[in-house]
Amino acid sequence: MVERQVYRMPKAGSINDLTRQPDTLPQPGADEVCVQVKAIGLNFADIFAMQGLYSATPKGAFIPGLEFAGEVLAVGEAVQDLKPGDRVMGATRFGGYVSHLNIHHRYVVPLPADWSFEEGAGFLVQGLTAYYALTELGNLQRGMTVLIHSAAGGVGILANRICKKYDAYTIGTVGSAGKVAFLQQEEAYDAVIVRDKDFYGKLKQALGERPLLLIMECIGGKILMQGWKAMASTGRMVVYGNASFTTHGDKPNYLQLYWRYLKRPQIDPLRLPTQNKSLMGFNLIYLYEQTDLLHSMLRELQALQLRPQHVGQVYPFDQMHQAIRQFQQGKTVGKVVVTVP
């Protein structure tokens, strides 16, 4: 038995209800490993889950958190590929806001020797999200022009790095001008534009004569429709989030969300054949049980030899609420990580 600390929600609804509690962890099962968590990566799916806006959220009490990195403490009797002391990074379908956890050994992989725990905690979920969206759904091809929304976020940064391995021309979008220089100087985006009232004009200018054939869409609303309008024939839009439905408060503003829902963009499927465009959506959590697919994608992703995730801000475990609030504001660059003492 291991004494641990966890952040638990009694039920989805308000982030204020997230409470740190002592807990007892049993010995790992035959196929499990026990990991002492060193770093936790924050994701927008965590926010949606805690606010009750995520269809995959468990009913009743649950522990948020989808990705982590740490050190193996113990292994089950059937585990042969890991041993105590191994540095690992992992993905979990909730349960990541903890100091220790038991998890099936197939959901953890060795942490590269030159990566920190913080870097490891920001790679798997967002790296696989970017890779699956771009290559499996988006049919990323060499030299393609790609529009990447939330370009300074964890998925956006890794998506751009993947695209650059294909010599793609990347256009990133951000919500504030303060992120533009970082993306151009540190991440080599070909163009970066701010999502404002003149977004469509800026996008057309950035495109020039290039056909826009792939969009990583996570904003929604008018931005989604403007991207759809600018996308060329045979283009693909992959929707993996909807930031326009996020709120900066502890609980959702349902009246505001209902109004946004009524005004949400609508694309007529009957017109898709004549427009010759594709609209696709996915969420990595629904692939969680397909471990063979996840490992296959991870091998392909690791073969690209990307740099480790850019970690923008780090908070200690006892400042989980401060980390979440900062992450909610959308002012961060790269990954927000919580470290566990």
Side-chain angles (χ1 to χ4, degrees), residues 1-9 20-41 43 45-46 49 56-129 131-132 284-303 308-309 317 320 337-341:
M1 305 287 281
V2 174
E3 298 300 319
R4 65 173 182 168
Q5 293 288 314
V6 308
Y7 278 95
R8 180 178 280 114
M9 294 283 295
R20 181 175 174 176
Q21 305 171 355
D23 192 33
T24 301
L25 188 69
Q27 291 296 313
D31 293 314
E32 293 181 327
V33 296
C34 177
V35 178
Q36 180 179 354
V37 176
K38 300 290 189 178
I40 302 161
N43 291 279
D46 302 350
T57 305
K59 303 297 182 184
F62 72 98
I63 298 171
L66 302 178
E67 59 185 337
F68 62 91
E71 185 175 305
V72 175
L73 280 185
V75 302
E77 58 187 19
V79 178
Q80 298 182 356
D81 56 341
L82 293 166
K83 64 183 185 304
D86 285 349
R87 300 167 73 249
V88 295
M89 53 185 177
T92 178
R93 187 167 181 172
F94 302 105
Y97 286 12
V98 296
S99 64
H100 302 75
L101 58 79
N102 290 337
I103 189 168
H104 194 286
H105 70 95
R106 295 210 71 192
Y107 291 108
V108 297
V109 296
L111 183 69
D114 57 344
W115 285 21
S116 67
F117 288 117
E118 291 83 355
E119 291 168 338
F123 182 74
L124 280 181
V125 170
Q126 296 189 321
L128 289 173
T129 293
Y131 187 78
Y132 184 81
L284 189 72
I285 202 167
Y286 294 108
L287 298 178
Y288 188 75
E289 303 297 333
Q290 300 185 40
T291 53
D292 288 339
L293 172 62
L294 292 178
H295 277 271
S296 175
M297 287 196 299
L298 180 59
R299 286 192 294 270
E300 295 171 7
L301 178 60
Q302 290 176 319
Q309 175 68 279
F317 193 63
M320 179 67 77
V337 173
V338 172
T339 55
V340 186

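Below, each value reflects all heavy atoms present in this structure, side chains not excepted, and no hydrogens, waters or symmetry copies.
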Item to complete: Go through the structure and list residues passing salt bridge (charged side-chain N to carboxylate O under 4.0 Å, His left out) with R4, not counting sequence neighbours.
Response: D23

Item to complete: Return the minimal non-hydrogen interatomic distance between V98 and V6, and the atom names on each side.
Response: CG1-CG1, 3.5 Å

Practice prompt. Locate the shortest heavy-atom distance separating F317 from P341; write the atom from each residue and the value.
Written response: CB-CD, 3.7 Å

Worksheet item: Should the pair Y288 and Y107 be assigned to parallel (<30°), tilted (30 to 60°) or perpendicular (>60°) ring geometry?
Response: parallel

Worksheet entry | Side-chain (E67) to main-chain (A91) donor-acceptor, under 3.5 angstrom | no

Discussion item. Regarding R106 and D292, does a basic nitrogen lie under 4.0 Å from an acidic carboxylate oxygen?
Written reply: yes

Item to complete: Take T24 and V2 through the side-chain contact (heavy atoms from CB on, under 4.5 Å) test and state the conclusion after the steps.
Response: CA-CA 6 Å; T24 301; V2 174; over 6 Å; no

Item to complete: May I have all residue pairs that pass side chain to side chain donor-acceptor pair (under 3.5 Å) and include part of residues 89-101, sequence neighbours excluded?
Response: D46-Y97

Worksheet item: At what distance, to the nearest 0.5 angstrom, does CG of L294 lie from CG of L301?
Response: 11.5 Å

Item to complete: Verify side-chain contact (heavy atoms from CB on, under 4.5 Å) between T57 and F62, making sure each step is shown before the conclusion.
Response: CA-CA 8 Å; T57 305; F62 72 98; 3.8 Å; yes

Worksheet entry | Residue pair V340 / K38, side-chain heavy-atom distance below 4.5 Å | no

Item to complete: Please identify each residue that fulfils side-chain hydrogen bond (donor to acceptor under 3.5 Å, both in side chains) with Y132, with sequence neighbours left out.
Response: none

Worksheet item: How long is the gap from CG on D86 to CG on L73, to the nearest 0.5 Å?
Response: 11.5 Å

Worksheet entry | Side chain to side chain, I40 and V337, heavy atoms closer than 4.5 Å | no

Discussion item. To the nearest 0.5 Å, what is the distance between CG on L82 and CZ on R87?
Written reply: 13.5 Å

Worksheet item: Hey, is the main chain of R8 close enough, under 3.5 Å, to the side chain of R20 for a donor-acceptor pair?
Response: no

Item to complete: Indicate yes or no: at least one non-hydrogen side-chain atom of M89 is less than 4.5 angstrom from one of W115.
Response: yes

Practice prompt. Measure from the side-chain N and O atoms of E119 to the backbone N and O of S116, and report whether any donor-acceptor pair falls under 3.5 Å.
Written response: yes

Worksheet item: For Q126 and Q309, what are the C-alpha separation, side-chain angles and deciding distance, and is it a side-chain contact (heavy atoms from CB on, under 4.5 Å)?
Response: CA-CA 9 Å; Q126 296 189 321; Q309 175 68 279; 3.4 Å; yes

Discussion item. Within the 4.5 Å heavy-atom criterion, are M1 and P26 side-chain neighbours or not?
Written reply: yes

Fill in: Spacing of M297 atom CE and Q302 atom CD [to the nearest 0.5 Å]
12.0 Å

Worksheet item: If we only count heavy atoms from C-beta on, is the F68 to V35 side-chain gap below 4.5 Å?
Response: yes

Worksheet entry | Nearest heavy atoms of P84 and A74, plus distance in Å | CG-CA, 4.3 Å

Fill in: Derivation of the side-chain contact (heavy atoms from CB on, under 4.5 Å) call for C34 and L101
CA-CA 6 Å; C34 177; L101 58 79; over 6 Å; no

Discussion item. Taking G29's backbone N and O only, do any of them form a donor-acceptor pair with N102's side chain (distance below 3.5 Å, no angle check)?
Written reply: no

